[in-house]
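Here is the structure we will look at.
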Amino acid sequence: MTAASSAEDNVLVIGAGMAGIEASLTLAEAGAKVYLVEREPLFGGKTIKYEEVFANMECSTCMAAPKQQEVLQNDRIELMTLSEVREVKGEAGDFTVGVHRKARYVDAEACIGCNACFDPCPVSLPNEFEENLGERKAIYLPCPGALPNVPSIDTERCVRFTENKECTLCQEACMFEAIDFNQKDEDVELKVSGIIVATGSDLIDSSQLKELGYSGEGNVYTALELERLYASNGPTEGTIQLRDGRTPSSAAIVHCAGRKDTGYCSAVCCMYSLKFVHYLKDKLPDTTVHEFYTDMCIPGKKYQEFHDRMKDKVNLVRYDELSVSPNGGSVGISYKSGAGTNEKLDVDMLILAPAMVPSRGAEELAGMLGIEQGGRGFFGSSTGSPAESGKGGIYVAGCAQGPKDIGQSVAQAGAAVGRFLSAASRGFSGE
Amino acid sequence: MGEEFKPRIVAFLCNWCSYAGADVAGGSKLEMPPTLTPIKVMCSSRVDPVMVTLAFLRGADGVLIAGCHPGDCHYDKGNYYARRRFAVLKTIFETLDLEPERLRLSWVSASEGQRYAEVVREFSAKIAELGPNPRRRQPAGIKES
Amino acid sequence: MEKRIGVYVCECGPNISEALDIDRVVEAVSGMDGVVVADRYKLLCAGAGQQHLVDQIKEHDLTHLVVAACSPKEHESTFMSVCEKAGINPYMFQMANIREQVAWVTPDKEQATERAIRHVRAAVGRVIRHTPLATREIECNPDVLVIGGGIAGLSSAALLAGPERKVYLVEKEPALGGAVKGYEKLFPGMRSGSELVQRYQAQVEANDNITVLTGTTVKSILGFLGNFEIAVENGQGEGQEFMVGAVVAALGMKEDTESLGEYGYGEIDDVYTALEVEAMNLEGRLALKNGDAPKSVGIIHCVGREHSEYCSSVCCMAGMKIGRYLKDKLGDVKVTGFYRDLCVPGCDAEQFYRETRDAGMEFVRVGRVEVHDSGNGIVLKCGTAEGAVKEEKVDMVVLLPSVQAAEDVGALAEMLSLPLGPHGFMIEEHEKLAPVNTSMEGVYLAGGVTGPGTAEQTLSQSEAAAGRILAGLVPGRKLETEARVSEIRADLCAGCRTCLTVCCYGAIDYDPMKGICVVNEVLCRGCGNCASACPSGAASHRHFTSNQIYREMAEILK
Amino acid sequence: MKKGYALQAPDGVRKAVAGFLKTCLDKDVFDAVLVCVRSGSACSYVLVQEPSFLDTADCLPPVMPVQGGKAVMSFTRHGKGMRIGALLRPCEIRAAVELSKLQQTVPENISFISMDCEGVIPLSDWLSDPEAAGAADGSGVRELCSICEQFSFCEDDPVGKADLHIATMGVAKDRALLVPVSARGDEILQKLDLTPGEETTGWVEEVEKLRKKRREAREESFAELRKRVCGLDALSEVFGRCLECHACRTACPICYCRVCFAGSEPAGDAAVDYVRRAERLGGSCCLPEQLLFHLGRMSHMSLSCVSCGMCEDVCPVDIPVGSIFSMVGQATQGLFDYVPGRSAEADLPLKKFVLDELEDVED
């Protein structure tokens, strides 16, 4: 096969975060037809939850949105949201993939994105995209600016589905007859010659970290919660405030939350914790910020400079052990310092930088694809290049392979595409 | 001056950040004074100082240039050049006492709908305070003295 | 040709129709120059709406189209395809955003109507000045020059070369393999470095489509994506020239020698750098100068970090690997790592650290370390993080110096007219979105040339560079330029080269014969920076010409 | 302190300088010299190759018929060419340096010879009576010359400036000091076997004194100017006189465009647009292009404006265009601490940027 014939190739990309987007766009540029499968109703991955990204403090939406638009406008890319891979058969050059596509109940062609359907919906619930800091309806768009700009109905919460009620309030509010309760979940069969796995990662469930006092209430927050609090399109429109509405006069960021449990360093937390110093000091210049770290891991040519810029704005404390307990309206921190002394500190707000873990369903997916999973549960083979999965025709990109920053994820997406295109041009011989 | 003053502001918005920010403000239904009409350009660096001058001379009560925050430019460094050109223009206006407050440069990112609305509100209030562009007042020859 | 403009206002259900008086908007633009039809429609983006527009364009023989509806981010591309379908150039179209930027933000209906009128009039004022635009196709060469025969260059070349794509692999040293060839093992898996290199090297050498040029340096790179002219020269001064479509800069890294002196290197015996120990290990000679096996070794991290001002990311792991060499080969040796912050990112690194500790290497967190010759062995004076000073006697010291870009990176950057970053590394086009691209299209980066990184990261970059090229330079396919790019009018250009200086993409060249600047449409990204930098109006931005913008503005201010 | 070579000038400095240039040609230091030559009321820059021509030439007339920077550009636009000694006023040399940054001249083979400039008289005065306007003693000079601080070259920062300077201020009437300012200036004197041994203290003191006086005069003058021209009404009135002949831009050494934006911009409106605008703007200003032209030109060239005053000299309707541009230029140049013509190495401000700067221009 020649390179030009890769135009006839269909490729499946699983996961539409930055790595999946990059892989899809590059494959489409090469001439391939791409199925970009995403289980959420929106795409963009974790990146679109951030207001800014280190180390340039670049606006994350401004970075991601043009790429997302490109995906939506590219005829060679079929974005399948609310979809999950259920079955994979075959081998390099000839895979058959079963994808389960959940009904959105909103016709994307008819919907014009006016959001008039939200208001009348009687169901209100915490918005997961906003880390439960805001509310949404059962028919919803996860956040302003979410793409695709088409709402979806949460069948686990909509009373039509949960209580079998004949509620048509959203349908009545829609002037465009875009709401279609007759939509059905579908099972689609795709023929593809290659698969790129870009399913990303999750954060470890902070409520499991008993000694760190996280409960989803009170004044202990996760990194993603702070991201949404600072986000200009977030639930507070960028106002950093405590759950009770108070402005914290002191805050502490705790690195390596859950590192003992995972047994590895999640690579990006030191940098984003330093970014949080910028977040906090930018919005709340009078708030004292403490940073509890174990080892400052800021690899790469650019990060030290950022660290040096932040370090004067924050009280950096090295800790060996640390535990957290609520203390009235504040949070009590007891810790053993790097020097071995036992200390205590009270702050209004505590932010955890939780460990990155393989994304939900990774194990199942690995089984389905027949690819290797390392000891930590991330995908990838330990013998070849990081984009190799251990199985021909299937490649790994981004945090699905292990913790990394956006730049490294995007690079690896390129590597996965490079391996695929190269192998495809050789007819997958030797794969 | 019988008629109520309705400011007219020309806003040059960069396609990637500020125009998108204005759309997000719209999507969030943020109320804004009806003073401003956008002109989309691909990058704030496309905004030619002569064009801004012309807007002013053609009677614009205010001219807003909005682009990506420094470091965020979709074209790498365009907004830094835009900033220098704007600074020169503003200095010319200052030196000649041409009401430089009518010119504004603001950075608005694609997610900052709220900020965009604030910029529009603030600038509109400022312009309302300044009153009409002197070009729209009586010509120099017949002012009372 | 007569200009016949059609203006269509979308009701967008109640979104626009209830927020403003559409009939007044229609009326306000009806009399405008060139407008032959103005009308409203319930939903233009829907299939029926699109068909309606196609029919209208044909019925009224329209040359230009204005749609007043939602944001162009939503449906500009939709209506541009409508134009194409109806047989008019898609750039003869303008959209007025009266939903996001009027209807949804202006609660007063009267105000919203007035405002919408301004938007739509502005769009009409502008569209009449639109000209048909087209993309151009340009021939390109699919071959690739890979500079650097280390692991990055080898892996790139191996992925790229094929029957329809030649690769020139240029290495300045007499042999391929780069630094990794000299590593017995690679962290964290402790697989063999030289074997890894050999594997890639075998692939490269077996591939007839790869021309390996060792002992050769690149002399010049001229041209642009798809059309680079390359000149190389070997050690004997023999030159060679060839054309390629893309370049992968896979130059490696080197140890920073600047700060080694502060650690007694070169003065005190048995103070070595990490690379020296790698070499000693490969030769099976992990011994002191006097030939004895060392009994105690101190490995000092972060050497020269104050000078380099960044964390070299690989040294902590490299130090552990050396600890493992010593422990594995010599057994009875005390190995201590003196570190500041342990940098072990990723899912396997910490495990490697624990294994190394279990193998007996000790780790001491310190502030600063001084190396002294006591006359009777080496004494390390370690300022602990808490300020106390501890002394430690060792036989051998291994320094882990900062990693720098290879010497020839500067020359390469200059050859390409690309700026060098603050630490002498080349700059990625975008740290996150385009980590292996440079601001010059067709030139990609992999490995030490962009910054310190592990073998794994290097492979990821080199394969990504290959991926970009495989996707963008397909044999037999032409390159398509952007339509909305800049152009420079030869009769107005005075050759001042201001535009060339401000262009972030090297898309403007100076033609010394004609004394003018010329836009390279393959490289131009269409930001328009040059157009406003040019004082004489020679540079203009297609689809955003001064005249078009002026007309738009003039309507707003009428 | 620099030292100078004392050039004897028993018959006046003009003659002495002409003699010096002749020697330069005789000794093959230059292939030609560029001097301003006067013949009756005609006065122009001439490229002289024949030494004897300099015997009769009066090469330092107190008038600026053409900006010397422009003269230099005219013969070096396409390459460096022959070795030329160019006798120019400081503002002309600075214009030439700016033009070289704008890639309009290649001054590599040009040796710039400057002199202390007493200022020049208005062109109109010269034309009405060239004989009466003869004296180079600073009397009757243009307003802009009387507030010029850059009339000499004695500060210790000679990069990109003249190579050789002729000092007359604070020097006895019957002599002038040849002060080498650059390495090339040293070379010229060496080739001519002239050793600069004279102290220049008197000259430097005099220049500093005058500079201080000028600075104060400049501030005063601008304060006065501001009262007359600032504000849109006043400015419209001042530029309302403009005939749009664009002579100012034609004479300007910095305006290098082949066609000015004001001429190339096809922004002419239909009559109906003028009327509608006139209604909206209260009946005034059918032609804001007058102001647009001047304000637009300011944004294009004020950063490089050397305050030579040519524009004002040629304005047929006496708009103080040179003073206004000089005042604006001082402000815009101040933004970037940029002195036009000071150094060939300093980038033009609009060709570069600094990451962290100008934070107060953004809101």
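In what follows, every heavy atom counts, from backbone to side chain, and hydrogens, waters and symmetry copies are set aside. Per chain, numbering begins at 1; letters A, B, ... match sequence-line order.
- Most heavy-atom pairs under 4.5 Å with chain A, from the set C:R468, C:K432, C:R199, C:Q457: that is C:K432.
- C:D341 is not listed as a side-chain neighbour of A:C297, based on a closest heavy-atom distance of 4.5 Å or more.
- Using a 4.5 Å heavy-atom cutoff, the side chains of C:H430 and A:E58 are in contact.
- Of the listed residues A:C174, A:S266, A:P386, the one with more heavy-atom pairs under 4.5 angstrom with chain C than any other is A:P386.
- Residue C:D348 holds its CG atom at 12.0 Å from SG of A:C265, rounded to the nearest 0.5 Å.
- With chain A as the partner, the residue from C:R99, C:E428, C:E100 showing the most heavy-atom pairs under 4.5 Å is C:R99.
- With chain A as the partner, the residue from C:L160, C:V436, C:T450 showing the most heavy-atom pairs under 4.5 Å is C:T450.
- Most heavy-atom pairs under 4.5 Å with chain C, from the set A:H307, A:Q408, A:E109: that is A:Q408.
- Summarising the local packing, CD of A:E172 is surrounded by more than 12 heavy atoms from other residues, nucleotides or ligands at distances under 6.0 Å.
- Of the atoms belonging to A:Q73, it is side-chain heavy atoms, and not backbone ones, that fall under 4.5 Å from chain C.
- Heavy-atom distances place the backbone of C:A158, and not its side chain, under 4.5 Å from chain A.
- Salt-bridge check for C:E456 with A:K404: failed, with every basic side-chain N at 4.0 Å or more from each acidic carboxylate O.
- Residue contact with chain A, scored on non-hydrogen atoms closer than 4.5 Å, involves the side chain of C:Y339 exclusively.
- Considering every non-hydrogen atom in both C:W104 and A:G113, the closest pair reads CH2-O, 3.4 Å.
- When C:Q461, C:K42, C:R477 are compared by the number of non-hydrogen pairs under 4.5 Å with chain A, C:R477 comes out ahead.
- Looking only at heavy-atom pairs under 4.5 Å with chain A, the residue among C:S312, C:P452, C:C316, C:A471 that has the most is C:A471.
- For the pair A:F176 and C:P14, the minimum side-chain heavy-atom distance is below 4.5 Å.
- Neither the backbone nor the side chain of A:T47 has a heavy atom closer than 4.5 Å to any heavy atom of chain C.
- For C:E74, the part sitting under 4.5 Å from any heavy atom of chain A is the side chain, from C-beta outward, and nothing else.
- Of all non-hydrogen atoms in A:P299 and C:S313, the two that sit nearest each other are CB-CB, 3.1 Å.
- The distance from the CD1 atom of A:I298 to the SG atom of C:C311 is 6.5 Å, given to the nearest 0.5 Å.
- With values rounded to the nearest 0.5 angstrom, A:I112 atom CD1 is found 4.0 Å from C:N15 atom CG.
- In terms of heavy-atom pairs under 4.5 Å with chain A, the best-connected choice from C:G467, C:C347, C:G13 is C:C347.
- In this structure, no portion of C:Y444 lies under 4.5 Å from any heavy atom of chain A.
- In this structure, chain C has heavy atoms under 4.5 Å from both the backbone and the side chain of A:F54.
- Atom SG of residue A:C114 and atom CD1 of residue C:I16 lie 10.5 Å apart, to the nearest 0.5 angstrom.
- Looking at C:R340 and A:D295, no side-chain N of the basic residue comes within less than 4.0 Å of a carboxylate O on the acidic one, giving no salt bridge.
- For the atom pair CD of C:E431 and CD1 of A:I406, the computed distance is 9.5 Å after rounding to the nearest 0.5 Å.
- Residue C:K166 qualifies as open at atom NZ: its count of foreign heavy atoms under 6.0 Å is 12 or below.
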Show your reasoning for whether salt bridge (Lys or Arg N to Asp or Glu O under 4.0 Å) applies to A:K301 and C:E309.
CA-CA 8 Å; A:K301 62 179 171 178; C:E309 295 180 319; over 6 Å; no

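- If you measure heavy-atom distances from A:M18 to chain C, the contacts under 4.5 Å come from the side chain alone.
- Heavy atoms of C:L433 lying under 4.5 Å from chain A belong to its backbone as well as its side chain.
- The distance from atom CD of A:E29 to atom CG of C:L470, rounded to the nearest 0.5 Å, is 11.0 Å.
- A donor-acceptor contact closer than 3.5 angstrom is absent between the side chains of A:Q412 and C:S460.
- When A:P403, A:G300, A:A387, A:A355 are compared by the number of non-hydrogen pairs under 4.5 Å with chain C, A:G300 comes out ahead.
- Of the two parts of C:A455, neither the backbone nor the side chain holds a non-hydrogen atom closer than 4.5 Å to a non-hydrogen atom of chain A.
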